[in-house]
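These notes concern the structure reproduced below.
Heads up: numbering here begins at 1 and tracks the sequence. When a ligand or atom number is given, it counts from 1 through the structure's own listing order. Quick caveat: nothing in here was measured; it's all calculated off a predicted structure.
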Amino acid sequence: MAERPTVLAATSLTKVYPIRRGVIWKRTIGEVRAVDGVTLTLRAGESVGIVGESGSGKSTTARLLLGLEAPTSGSVEVTGDDLAGLSARQLRRKRRDIQIVLQDPYLSLNPRMTVSAILREPFAIHPDALAPNQSSRQAVAGLLEQVGLGPEFANRYPHQFSGGQRQRIGVARAIALRPKIVVADEPVSALDVSVRAQIMNLLLDLRDELGLSYVFISHDLAVVRQIADKVAVMYSGSVVETGGRDDIYSRAAHPYTRSLLAAARRRAGAVPSSRTDTAGRASGSDATLGAGCRFRWRCWKADDACAGSPPKLEPVPGSSPDHLVACYCPDADDSGE
Ligand code: ADP
Ligand code: MG
């Protein structure tokens with residue numbers, strides 16, 4: 001079978017923000033490497049999950065992939081074009097190919113616009129996205145149907161909807177221009193557990209129907225498992241482990257991935273516990289974290305080697321060739337699921 005084309009490729013993506021202090025005169029007192037050397041590729045119809053705790057750089061990665069911010073270094077290629085080489089106009093046009101679904105449908109929908117107006121907006125910017133002889137009203141009706149909402153919803157306002165319905169509108173807006181890639185940043189994290197499954201099923205159905213590729217971001221490995229063909233685990237701005245689903249869920253090699261798996265199992269009720277598995281989150285600027293592996297402050301396996309140069313992503317011995325881990329003392333045994 002021919003390999004499916006690559007639709008998204010990020011290479012050594014890095015984003016550094018200055019840390020500023022001061023009320024009148026802002027002084028730069030340090031920097032935070034929000035994203036540090038992230039490389040990932042996505043083929044047509046494939047889904048990659050990005051997992052990591054709050055502050056690990058997931059949303060910044062999302063903004064870089066969408067071209068909403070420019071990376072400090074590294075590159076993003078969307079459907080064959082390097083975003084850095086595009087004019088503002090070309091970048092706008094490129095946005096048809098890559099769209100975002102945000103965590104909080106409450107914040108991402110204009111409260112003063114009807115659903116119909118919200119969903120017509122993309123077509124005002126890209127009228128050529130309408131089918132021949134199709135009105136934007138017809139397109140809106142089609143979108144509502146695709147996300148499982150009746151036509152009667154068109155003239156209502158976002159506050160008249162439940163959280164799940166609002167997220168359906170967020171999804172409808174994201175697919176309006178028939179993108180090839182949807183970046184979903186914690187799309188179900190703000191929803192009640194009972195509603196989550198419905199939205200996950202909607203995303204899965206739309207993937208099959210429209211041939212979408214997803215970058216699916218979550219802090220919860222259990223959620224990512226439902227949708228991702230491959231997974232990248234981020235810690236403190238970097239990918240510390242990546243691989244296919246089975247690599248991550250059955251053969252996790254990084255201590256951090258293992259702690260996330262344990263946390264997901266506890267949430268599922270397997271082992272009720274209020275104890276967290278690792279020590280408190282290390283925080284602070286790069287200067288305070290020092291050199292070496294950034295996870296070592298929380299790692300029960302850390303030794304002297306981990307304080308030296310930071311570990312690079314390397315193939316996990318005995319696993320599949322796509323399974324990479326950045327750790328000097330990875331686990332090689334089965335993680336026992
Ligand atoms: P996540 O989505 O995984 O929670 P983020 O990408 O939002 O992580 O943030 C990663 C790090 O970058 C955090 O330390 C955050 O405080 C910092 N950060 C994100 N955006 C900015 C910004 N615009 N300016 C300064 N720091 C930022
Ligand atoms: Mg985030």
Side-chain angles (χ1 to χ4, degrees), residues 8 10 12-23 26-40 48-74 76 83 98-108 163 167 170 174 182-191 196 199 203 214-224 227-228 231-242 248 254 256-257 259-261 263-264 276 278 280-290 293-295 297-298 310 326:
L8 180 68
S12 306
L13 266 190
T14 297
K15 183 71 183 181
V16 179
Y17 293 111
I19 304 174
R20 294 210 171 90
R21 285 284 181 286
V23 179
K26 298 269 186 226
R27 287 172 299 129
T28 300
I29 57 159
E31 58 178 39
V32 50
R33 301 180 81 80
V35 176
D36 195 0
V38 168
T39 293
L40 52 94
V48 61
I50 300 181
V51 189
E53 65 200 9
S54 173
S56 56
K58 306 181 299 295
S59 295
T60 305
T61 302
R63 291 195 299 276
L64 296 175
L65 295 177
L66 284 142
L68 298 173
E69 283 185 64
T72 307
S73 62
V76 179
L83 294 186
I98 182 163
Q99 290 283 324
I100 191 162
V101 174
L102 292 167
Q103 168 175 348
D104 200 335
Y106 298 75
L107 298 177
S108 62
Q167 194 55 296
V182 170
V183 178
D185 189 357
E186 306 260 11
V188 298
S189 305
L191 301 175
R196 270 184 208 171
I199 298 295
L203 293 173
Y214 287 118
V215 176
F216 188 95
I217 296 173
S218 176
H219 62 277
D220 188 345
L221 265 171
V223 173
V224 166
I227 200 161
V231 178
V233 179
M234 283 186 77
Y235 184 79
S236 189
S238 298
V239 174
V240 295
E241 182 164 12
T242 179
I248 301 298
H254 199 287
Y256 180 57
T257 312
S259 75
L260 287 178
L261 283 168
T276 47
T278 53
R281 170 171 143 66
S283 60
S285 68
D286 292 352
T288 57
L289 280 175
C293 174
R294 295 207 190 166
F295 187 63
W297 306 105
R298 285 168 60 172

Contact flag Q103/the Mg ion (ligand 2), N/O/S atoms, threshold under 2.8 Å: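 Of the N, O and S atoms in Q103, none lies under 2.8 Å from the Mg ion (ligand 2), which means no.
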Proximal ligand 1 atoms for T60, defined as those under 4.0 Å from one of its heavy atoms: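 Here the atoms of ligand 1 in question are 5 (P), 6 (O), 9 (O), 19 (C).
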Element-labelled atoms of ligand 1 that are located less than 4.0 Å from some non-hydrogen atom of S54: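 Listed by number with element, the hits are 4 (O).
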Backbone or side-chain N or O of [X] under 3.5 Å from ligand 1 N or O:
{"X": "G57", "result": "yes"}
{"X": "V32", "result": "no"}
{"X": "T61", "result": "no"}

Q167 side chain to P187 backbone, donor-acceptor under 3.5 Å: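 Between the backbone of P187 and the side chain of Q167 there is a qualifying donor-acceptor contact (under 3.5 Å).
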T72 side chain to V16 backbone, donor-acceptor under 3.5 Å: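 Pair found, side chain donor or acceptor close to backbone of V16.
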Spacing of OG1 belonging to T60 relative to NZ belonging to K15, to within rounding of 0.5 Å: 8.5 Å
Looking at side-chain heavy atoms only, is the closest gap between [X] and [Y] below 4.5 Å?
{"X": "T257", "Y": "V231", "answer": "no"}
{"X": "L40", "Y": "T242", "answer": "no"}
{"X": "T39", "Y": "V239", "answer": "no"}

E53, portion touching ligand 1 at heavy-atom distance under 4.0 Å: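 For E53, the contact with ligand 1 is made by the backbone alone.
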Ligand 1-proximal atoms of E186, by part, heavy-atom distance under 4.0 Å: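 Under 4.0 Å from ligand 1, E186 contributes no heavy atoms.
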Heavy-atom gap S56 to ligand 1 smaller than 4.0 Å: yes
Close approach of R63 to ligand 1, heavy atoms, under 4.0 angstrom: yes
Aromatic ring proximity F295/H254, centre distance under 6.0 Å: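 Ring centres of H254 and F295 closer than 6.0 Å.
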